[in-house]
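For reference, the structure is listed below as structure tokens.
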Amino acid sequence: MIFELEVFPLDLELTLGCGQTFRWRSSPDGSWSGVLGDQFVSLRQIGQKIAGEATPGSEDVEESVLEFLRAHDDISRIQRVLRRDPVMALGMRRMIGLRIVKLDEWECLISYVLATYANIPRIMKMVEALAVNYGRRIAHGTYSFPDRRRLSKATVGELTRLGLGYRAEYIKKMCDLVDEPKLSVFSGAPYETLRRQLIELPGVGEKVADCVSLFGFGRLESFPIDLWIERALARLYEKKGTYRSLRAFAAERFGEYAGYAQEYLYHNERMHARDLGCVFSEE
DNA sequence: GCCCAGGAGTGTG
DNA sequence: CACACTCATGGG
């Protein structure tokens, strides 16, 4: 199935390659492919349009892609709000095509529990291993991410052998504790409540709860603080401290769109580490 | 070989 | 509340 969409502004490479998603990969021809629900989707940027291709499926692919890319986000409004911060104002425009994505809640929860104390290539490998071993086959070599029922069949031993390390226990417990009704209750809760409930889950601390709030439940005010963000805040704002204090700093500074500011800072800091410049300061 | 990774859980001061 | 230690392993 072939389709065409307009999402503007959007930089597909930036959005899918900056480390917020773990199952999207680029091809030499410049297209990006991944899985949405039970469909294998391939996207390519052509000017201001997105050309897409998907395996036949029951879902409305175009709608899924628009939701995934958060096409309804008013980026100019978001940047107008963030511009109040002088550091953001300096380089924000060059991040204009970087959009926060909206992931499936369950997949996001599992993915970011796996993400603790691992680098991105490894996280991608672990998530892919879960899909291949417990997901549903939807195309040649492509598998959907396993829902709770399917993932429940995994034993801790199997999960450990797949390279999850100490995370295997967390995933096993998660399958016993979280079901669709529970996720649905989470969806309706305000951010602070959602966050508190997520933290009660095994393997979920403040940072993971904030990632799941942001990428899984679409709470744009969430500001996950990992090592890169700590460095960015120290380097660009001379701000150090506990998670609690840094979080308060971000809330005051970036308000309802702290999640976008976070992703800008995250991407920028990683580029800076690779000596690819910094858009938020003159160097 | 070495250092690091989108941290969390637990125990201690 | 703030720090210290452990956890299991692969990637660069």
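Scope of the values below: all heavy atoms of this structure, side chains included, with no hydrogens, waters or symmetry mates. In what follows, every chain begins at residue 1, and chains take the letters A, B, ... in the order their sequences are listed.
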Query - Value in whole Å for how far the P atom of B:dA5 lies from CD1 of A:Ile229 - result: 13 Å
Report task. Take atom C1' in C:dG10 and the same atom in B:dG1, then report the distance between them in whole Å. Result -> 14 Å
Requested in this report: With P as the reference atom in both, quote the distance from B:dG6 to C:dT6 in angstrom, rounded to an integer.
Outcome: 23 Å
Query - Selected nucleotide, minimal atom distance to A:Arg231 side chain, candidates C:dG10, B:dC4, B:dG6 - result: B:dC4
Requested in this report: Send over the distance from A:Ile123 CD1 to C:dG11 P, rounded to a whole Å.
Outcome: 12 Å
Query raised in the report: Looking just at side-chain N and O atoms, do A:Glu221 and A:Tyr260 make a donor-acceptor pair shorter than 3.5 Å?
Result: no
Query raised in the report: Which residue pairs pass the ring-ring contact (aromatic ring centres under 6.0 Å, His included) test when at least one of the two sits in residues 192-227 of chain A, sequence neighbours left out?
Result: A:Tyr112-A:Phe215, A:Phe223-A:Phe254
Requested in this report: Identify whether a stacking contact exists between A:Tyr112 and B:dG6, where the ring centres must be under 5.5 Å apart and the planes under 30° apart.
Outcome: no
Requested in this report: Assess whether ring pair (Phe, Tyr, Trp, His ring centres under 6.0 Å) is satisfied between A:Tyr143 and A:Tyr134, documenting all intermediate values.
Outcome: CA-CA 9 Å; A:Tyr143 297 79; A:Tyr134 305 103; over 10 Å; no
Report task. Could you run through nucleotides 7-13 of chain B and give me one letter per nucleotide, 5' to 3': B if any protein heavy atom sits under 4.0 Å from the base, S if only the sugar-phosphate is that close, - if neither? Result -> BSS----
Report task. Mind jotting down which residue pairs meet the ring-ring contact (aromatic ring centres under 6.0 Å, His included) criterion with at least one end in residues 25-78 of chain A? Sequence neighbours excluded, please. Result -> A:Trp24-A:Phe68
Query raised in the report: A:Glu269 near the nucleic acid: base, sugar-phosphate alone, or nothing, with a heavy-atom cut-off under 4.0 Å?
Result: nothing
Query raised in the report: Does the side chain of A:Val61 come within less than 4.5 Å of A:Leu36's, by heavy atoms?
Result: no
Report task. Could you list the residues that satisfy side chain to side chain donor-acceptor pair (under 3.5 Å) with A:Gln20, not counting sequence neighbours? Result -> none
Query - By side-chain contact (heavy atoms from CB on, under 4.5 Å) - contacts of A:Asp74 (at least two apart) - result: A:Ser76, A:Arg77
Query raised in the report: Which pairs pass salt bridge (Lys or Arg N to Asp or Glu O under 4.0 Å) with one or both residues in residues 191-203 of chain A, sequence neighbours excluded?
Result: A:Glu192-A:Arg247, A:Arg195-A:Glu206, A:Arg195-A:Asp210
Query - Whole-Å gap separating P (C:dT9) and CG (A:Leu159) - result: 13 Å
**Report entry** Qualifying side chain to side chain donor-acceptor pair (under 3.5 Å) pairs with a residue from residues 88-101 of chain A, counting only residues at least two apart or across chains
**Finding:** none
**Report entry** Protein-nucleotide distance (A:Ile171, atom CD1; C:dA8, atom P), rounded to Å
**Finding:** 15 Å
Requested in this report: Taking side-chain contact (heavy atoms from CB on, under 4.5 Å) as the test, write out the residues that go with A:Ala189, two or more places apart.
Outcome: A:Thr193, A:Leu194, A:Gln197
Requested in this report: Starting at atom CZ of A:Phe22, determine the distance to atom C1' of B:dG6, rounded to an integer number of angstrom.
Outcome: 6 Å
Query raised in the report: C:dT6 P sits how many Å from A:Arg167 CZ, rounded?
Result: 18 Å
Requested in this report: Could I get the full list of salt bridge (Lys or Arg N to Asp or Glu O under 4.0 Å) partners for A:Lys49, not counting sequence neighbours?
Outcome: A:Glu4
Report task. Kindly say if A:Lys125 contacts the phosphate of C:dG11, meaning a side-chain N or O under 4.0 Å from OP1 or OP2. Result -> yes
Between the protein and nucleotides 1-4 of chain C, list every N/O to N/O distance that falls short of 3.5 Å.
none

Query raised in the report: Which residues in residues 246-259 of chain A have at least one heavy atom lying under 4.0 Å from any atom of DNA chain C?
Result: none
**Report entry** salt bridge (Lys or Arg N to Asp or Glu O under 4.0 Å): pairs with one or both residues in residues 134-163 of chain A, sequence neighbours excluded
**Finding:** A:Asp38-A:Arg136
